[in-house]
Amino acid sequence: MDARRGRAVLGALALLLTQGCGAARTEGDQAVAGVPARGGTEVRLDSGWIRGIEDGNVVRFRGVRYAQPPVGELRWQPPRPVAPWQGVVPAASSGPACPQASDNPKESSEAEDCLTLDVTVPKKAARMPRPVMVWLHGGGFNAGRGSDYDPRRLVAQGDVVVVTVEFRLGVLGYLAMPGMPGGGTFGLQDQQAALRWVRRNAAAFGGDAGNVTLFGESGGGIATCGHLTSPAGRGLFHKAIIQSGTCGTVLLPNAAAPGTPRIPYWRPLKETYAATRTAARRAGCRDAARTLECLRAKPVRELLDLTEYFTSASYGGRTLPVAPGEALRDGDFARVPVLSGHTSEEALMMAGVMGLLGRPITDDDLPGLLRQGFGDRADEVTRRYPRDRYGTASEAWAAPYTDAIFSCPHAAAQDALAKRAKVYAYVFGDDTAPPFIPTLPGFPAGAGHASELAYLFDVKEKPINLDGRLVPLTATQRSVARDMVAAWTTFARTGTPASGGKAWPRWQGGEPVARLITERPGSTATAHAPRCDLFDRP
């Protein structure tokens with residue numbers, strides 16, 4: 001795949017799996033963050049003082065360093081703690097997105113000095129330490145920005161502390177060579193470094209270091225599941241929420257964009273070594289003895305052309321000794337409560353991306369696309385997902401893709417986790433939800449990938465339709481949003497989600513599942529996945 005095609009594919013992935021809007025760094029980016037002490041905005045952390053800003057009913061600490069900048073000789077090394085500083089450092093502006101390639105200038109970044117986090121806390125005083133929720137953004141493992149997600153509603157309604165994290169992506173996060181400590185997992189190690197930072201500094205925020213919930217969506221959900229199986233992650237968090245992406249998630253052909261191949265999120269180190277050799281040759285680093293030196297001398301913009309080789313984390317090292325799906329099956333994971341779920345029509349968003357890229361799915365295309373996605377199972381998929389059941393060809397394509405990529409892997413992971421831990425499950429099924437990306441006129445509405453995020457976060461800068469106007473939530477949708485925020489934050493506080501004054505039942509062998517829909521906000525119903533036998537379950 002040439003550089004231009006690679007950037008286009010990665011741009012589509014970014015569009016598919018995350019939102020992105022660049023921001024410049026300011027002098028405040030030298031900080032770590034803290035919580036207001038006695039109503040103020042200056043707090044002391046383990047490395048020094050910082051100054052946040054009041055913003056209505058919350059206080060924000062932005063652009064806070066949790067690790068040293070991974071530049072120069074620290075490029076492709078495990079994250080290192082920040083050095084102490086003197087004086088009070090402003091923490092008023094979020095840090096940049098970590099380097100990522102995109103044809104959209106607003107979604108591109110070459111800011112290698114990016115290991116920062118934002119902390120948002122309630123302005124009101126707390127009577128006891130608050131639960132801490134640490135958010136991992138989506139975007140596969142090669143795009144996205146944590147600070148694009150404003151957690152005000154979670155913080156103010158749920159009375160919690162929320163931390164959003166920036167971490168290395170793509171070639172800078174997942175390159176690996178033999179003998180390279182931590183190779184193939186630098187992005188995951190950054191996330192664990194942020195969790196260690198939270199453990200050291202939660203009390204400064206008024207947060208409870210003994211009650212930390214790790215949660216993420218799409219690529220962030222996949223990473224969250226991975227951390228459950230990582231020996232290095234044990235004890236760093238006490239609950240986990242896995243949204244729309246889990247240990248067994250694999251993108252099928254055409255899921256990221258027309259013509260894209262099958263994309264796994266976990267691969268053995270030896271495959272990453274081979275990818276690094278190929279990428280290095282393309283970058284002009286052909287001397288095996290000097291490959292790392294040569295790559296470290298390359299400017300970020302040149303390295304971003306190699307990101308297509310590094311869309312997966314590697315297992316076989318200290319961070320991930322075995323593939324996370326295998327670890328789940330073997331029972332080798334942290335025994336913490338888990339809330340896991342997905343939207344009811346995940347792949348409808350992917351069909352929307354195809355339309356935006358000029359390849360809308362038609363009935364003529366459908367048989368070939370299903371064969372590309374499912375190979376020799378395509379005829380059986382067509383029989384079990386008959387075309388006349390769906391209003392459009394896009395919906396007929398999206399239904400089996402939703403089950404194969406999301407519904408069935410989530411069910412399999414939940415079954416494995418439930419053997420040794422408390423597990424709760426949900427399906428977000430609001431077909432009236434605003435789409436997370438712009439859609440073409442006439443495209444079918446539905447609860448596509450990432451559509452639940454507008455119910456948990458404020459995404460004020462995200463245009464929802466092609467003319468750039470935001471689509472606000474209706475009164476009924478806001479009711480669902482309140483139930484979701486209540487469920488997520490109650491889970492963070494107690495380990496059991498609750499909404500509408502009722503605790504959710506536990507997942508037990510395929511049921512029950514909380515149904516998050518406008519007609520019955522917060523209600524529960526039994527759900528089955530009768531066609532999962534068609535797909536490879538992890």
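Side chains included, hydrogens not; waters and symmetry mates left out as well; all remaining heavy atoms used.
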### Task
Just jot down the side chain to side chain contact (heavy atoms under 4.5 Å, CB included) partners of P253, sequence neighbours excluded, or say none.
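For P253, the residues satisfying side chain to side chain contact (heavy atoms under 4.5 Å, CB included) (neighbours in sequence not counted) are R262.
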
Quick one: [atom1] on [X] to [atom2] on [Y], what's the gap to the nearest 0.5 Å?
{"X": "L306", "Y": "L175", "atom1": "CG", "atom2": "CG", "value": "8.5 Å"}
{"X": "F205", "Y": "F61", "atom1": "CZ", "atom2": "CZ", "value": "7.0 Å"}
{"X": "W76", "Y": "R168", "atom1": "CH2", "atom2": "CZ", "value": "10.5 Å"}
{"X": "L370", "Y": "E380", "atom1": "CG", "atom2": "CD", "value": "12.5 Å"}
{"X": "F406", "Y": "S218", "atom1": "CZ", "atom2": "OG", "value": "6.0 Å"}
{"X": "Q191", "Y": "L136", "atom1": "CD", "atom2": "CG", "value": "4.5 Å"}

Using the salt bridge (Lys or Arg N to Asp or Glu O under 4.0 Å) criterion, which residues pair with [X]? Sequence neighbours excluded.
{"X": "R296", "result": "E73"}
{"X": "D379", "result": "R371"}
{"X": "R200", "result": "D46"}
{"X": "K422", "result": "none"}

Are any of the side-chain heavy atoms of [X] and [Y] separated by less than 4.5 Å?
{"X": "R318", "Y": "P231", "answer": "no"}
{"X": "Y309", "Y": "R282", "answer": "yes"}
{"X": "L228", "Y": "C247", "answer": "no"}
{"X": "L251", "Y": "T260", "answer": "no"}
{"X": "P400", "Y": "F374", "answer": "yes"}
{"X": "L328", "Y": "L417", "answer": "yes"}
{"X": "I405", "Y": "F535", "answer": "no"}
{"X": "P70", "Y": "L115", "answer": "yes"}

Nearest heavy atoms of [X] and [Y], plus distance in Å:
{"X": "S314", "Y": "L269", "answer": "CB-CD2, 3.6 Å"}
{"X": "T272", "Y": "R267", "answer": "OG1-NE, 3.1 Å"}
{"X": "F428", "Y": "S451", "answer": "CE2-OG, 3.5 Å"}
{"X": "A91", "Y": "V64", "answer": "CB-CG2, 4.2 Å"}
{"X": "V353", "Y": "A256", "answer": "CG1-O, 4.0 Å"}
{"X": "Y401", "Y": "G373", "answer": "OH-CA, 3.2 Å"}

Whether the side chain of [X] engages the backbone of [Y] through a donor-acceptor N/O pair (distance < 3.5 Å, no angle test) should be reported.
{"X": "R60", "Y": "S94", "value": "no"}
{"X": "N211", "Y": "A492", "value": "yes"}
{"X": "T311", "Y": "T307", "value": "no"}
{"X": "R199", "Y": "V212", "value": "no"}
{"X": "W266", "Y": "G248", "value": "no"}
{"X": "Q189", "Y": "G182", "value": "yes"}
{"X": "E110", "Y": "P99", "value": "no"}
{"X": "H449", "Y": "A347", "value": "no"}
{"X": "T246", "Y": "H410", "value": "no"}
{"X": "Q100", "Y": "G144", "value": "yes"}

Salt-bridged, [X] to [Y], with N to O below 4.0 Å?
{"X": "R234", "Y": "D332", "result": "yes"}
{"X": "D118", "Y": "R145", "result": "no"}
{"X": "E293", "Y": "R290", "result": "yes"}

### Query
Would E166 and H137 count as a side chain to side chain contact (heavy atoms under 4.5 Å, CB included) if you check the C-alpha gap in whole Å, the side-chain angles of each, and the deciding distance to 0.1 Å?
CA-CA 8 Å; E166 314 300 340; H137 66 74; 4.3 Å; yes

Run the ring-ring contact (aromatic ring centres under 6.0 Å, His included) test against [X] and tell me which residues pass, sequence neighbours left out.
{"X": "Y426", "result": "W488"}
{"X": "F237", "result": "none"}
{"X": "Y424", "result": "none"}

For [X], enumerate each residue passing the side-chain hydrogen bond (donor to acceptor under 3.5 Å, both in side chains) test, keeping only those at least two apart in sequence or located in another chain.
{"X": "R196", "result": "none"}
{"X": "T319", "result": "T185"}
{"X": "R335", "result": "none"}
{"X": "T343", "result": "E346"}

### Task
Evaluate the criterion side chain to side chain contact (heavy atoms under 4.5 Å, CB included) for residue pair S312 and E271; output intermediate values, then yes/no.
CA-CA 10 Å; S312 307; E271 291 186 10; over 6 Å; no

### Stepwise side chain to side chain contact (heavy atoms under 4.5 Å, CB included) test for W397 and M354
CA-CA 12 Å; W397 176 87; M354 287 192 177; 3.8 Å; yes

### Task
Show your reasoning for whether side chain to side chain contact (heavy atoms under 4.5 Å, CB included) applies to L453 and Q243.
CA-CA 10 Å; L453 295 180; Q243 299 176 217; 3.9 Å; yes

#### Entry: Other residues, nucleotides, ligands: >12 heavy atoms within 6.0 Å of R301 CZ
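No - once you tally the heavy atoms of other residues, nucleotides and ligands closer than 6.0 Å, there are 12 at most.
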
### Query
For the ring pair F310 and F141, is the centre-to-centre distance below 6.0 Å?
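F310 vs F141: aromatic centres not under 6.0 Å.
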
